[in-house]
Amino acid sequence: MNKSVSGRVPWLLSAAAAALAAAALRRWQLSSAFEPSGLAAPGAQASVILVCVLFMTSAWFILLAMYQPLTKRPMTLGQAHRWDLVFLDAGDPVYPALAVLAAFLALTAVPVLLPVGLAQWQHYRELLAALKQGLDVQLPSNNGMLTIATGVGALLSALGLLQMGRDGLRPGKRGRGGFSAALPGVAGCVWLMESFRAHAANPVRWDYAPQLLAIVCGMMFYMDFAGMSAGAARPRRLLWLAGMTAVLSALSMVTAASELSALSAAGLSVRSTQLGDLLLLLSQTLAAAGVLWRLPPNLENPPKPPNTSGPHPDRI
């Protein structure tokens, strides 16, 4: 047990400390590093320190990953690589609990994003009909389709995360874990397009860049997670991506929370894409925390394959 705890402590403590520091600096940056017009103040102290912290965090995670103890690759009968075994440890309930909670948050984003997207689509159709009738109206740049697609992607993410949690409790068939872990990554592609569309309309303000980085890092994290059971394992890179996903997501959640607060202060509904972003960011943060909890100790001492074939304990 002590080995198990010691293996994950550096990752969890480093990710938690860096996430808190990045969130605090982001809050400071939003309050002091932008002019009323939205332009970034050149050489703002908060921005400089935040960038430095992110670079130092990235370098520190690289060092942790380089010196992460790694046992000989898990094998099965026939000498096939089975890296996915490191997640199939039914004796630890923390990882599946985090995966299920992450799935719940992703699922909660569905009834937030879908109605918003449908309302945007309806508004676009009404203006389009008015334009065809010769009225002087201007079509909005957003027809709601990407928001709807992001809501559908949140549902796929929830299904994938639930399967990942299930595999953490009870081993599934070979390859199933890889497919389920890839679903949130695929959904992240649509989420990235929607996030860029929603923020890039105001090119003078670059404060949406951390959210784009958080989504991209989360996509790569899920894809590397899927690779663990698909013959393309990069366990050290997966740890680095999990740590950076947690830090960048925490930083971006400050922005989403600030935008929600502004909507509430203006008397507008908080049921918006910003709330959906907040839920999805928190979801991928919990998924990354689950990997940081389960992966380091199991890389040192991988669990034994389940005995499903009688005299061959290594066969799945």
Can you give me the closest heavy-atom contact between [X] and [Y], atom names plus distance?
{"X": "A106", "Y": "A154", "result": "O-CB, 3.5 Å"}
{"X": "L281", "Y": "S249", "result": "O-CB, 3.8 Å"}
{"X": "A250", "Y": "A19", "result": "CB-CB, 3.7 Å"}
{"X": "Q274", "Y": "E259", "result": "CG-OE1, 2.9 Å"}
{"X": "S283", "Y": "A102", "result": "OG-O, 2.7 Å"}
{"X": "V112", "Y": "V116", "result": "O-CG2, 3.2 Å"}

Are any of the side-chain heavy atoms of [X] and [Y] separated by less than 4.5 Å?
{"X": "L98", "Y": "V291", "answer": "no"}
{"X": "Y95", "Y": "M164", "answer": "yes"}
{"X": "L241", "Y": "C217", "answer": "yes"}
{"X": "M253", "Y": "T285", "answer": "yes"}
{"X": "P210", "Y": "T255", "answer": "no"}
{"X": "L213", "Y": "L251", "answer": "no"}
{"X": "P96", "Y": "R294", "answer": "yes"}
{"X": "Q284", "Y": "L280", "answer": "no"}

Results of side-chain hydrogen bond (donor to acceptor under 3.5 Å, both in side chains) for [X] - residues two or more places apart only:
{"X": "T245", "result": "none"}
{"X": "T108", "result": "none"}
{"X": "W121", "result": "none"}
{"X": "D224", "result": "R237"}

In this structure, would [X] and [Y] fall into the same cluster of hydrophobic residues linked by side-chain contacts under 4.5 Å?
{"X": "L113", "Y": "M219", "value": "yes"}
{"X": "L63", "Y": "W240", "value": "yes"}
{"X": "V94", "Y": "L292", "value": "yes"}
{"X": "L20", "Y": "L64", "value": "no"}
{"X": "L282", "Y": "L159", "value": "no"}

Going by atom type alone, with no hydrogens or angles, which donor-acceptor pairs under 3.5 Å involve a side-chain atom of residues 185-194 and a protein atom two or more places apart or on another chain?
unit_1 : atom_1 : unit_2 : atom_2 : d
W191   : NE1    : D277   : OD1    : 2.9
E194   : OE1    : R197   : NE     : 3.1
E194   : OE2    : T147   : OG1    : 3.3
E194   : OE2    : R197   : NH2    : 3.1

Handout entry: Spatial distance of atom CG (L161) from atom CG (L286) [nearest 0.5 Å]
Key = 9.5 Å
Practice task
State the CD-CG distance between Q122 and L127, to the nearest 0.5 angstrom.
Solution key: 10.5 Å
For [X], check side-chain contact (heavy atoms from CB on, under 4.5 Å) against everything at least two apart and list the hits.
{"X": "V51", "answer": "F55"}
{"X": "A46", "answer": "W28, Q29, S32"}
{"X": "L155", "answer": "L107, V110"}
{"X": "A99", "answer": "none"}

Exercise for the section: Supply the members, apart from V100, of the Ile/Leu/Val/Met/Phe/Trp/Tyr cluster built from side-chain contacts under 4.5 Å; use none for a lone residue. Expected result: L162
Exercise for the section: Carefully, step by step, assess I148 and L114 under the rule side-chain contact (heavy atoms from CB on, under 4.5 Å). Expected result: CA-CA 5 Å; I148 294 173; L114 285 182; 4.0 Å; yes
Closer than 3.5 angstrom, by distance alone: can the side chain of [X] be matched with the main-chain N or O of [Y] as a donor-acceptor pair?
{"X": "R26", "Y": "L50", "value": "no"}
{"X": "S58", "Y": "L54", "value": "no"}
{"X": "S258", "Y": "V254", "value": "no"}
{"X": "R8", "Y": "W293", "value": "yes"}
{"X": "T150", "Y": "L146", "value": "yes"}

Exercise for the section: Inspect the surroundings of CZ in R236 and state if more than 12 heavy atoms from other residues, nucleotides or ligands are less than 6.0 Å away. Expected result: yes
Practice task
For atom CD of E126, decide whether the heavy atoms of other residues, nucleotides or ligands shown that lie under 6.0 angstrom number more than 12.
Solution key: yes
Practice task
Under the ring-ring contact (aromatic ring centres under 6.0 Å, His included) rule, collect the residues that match up with W11, sequence neighbours excluded.
Solution key: F61
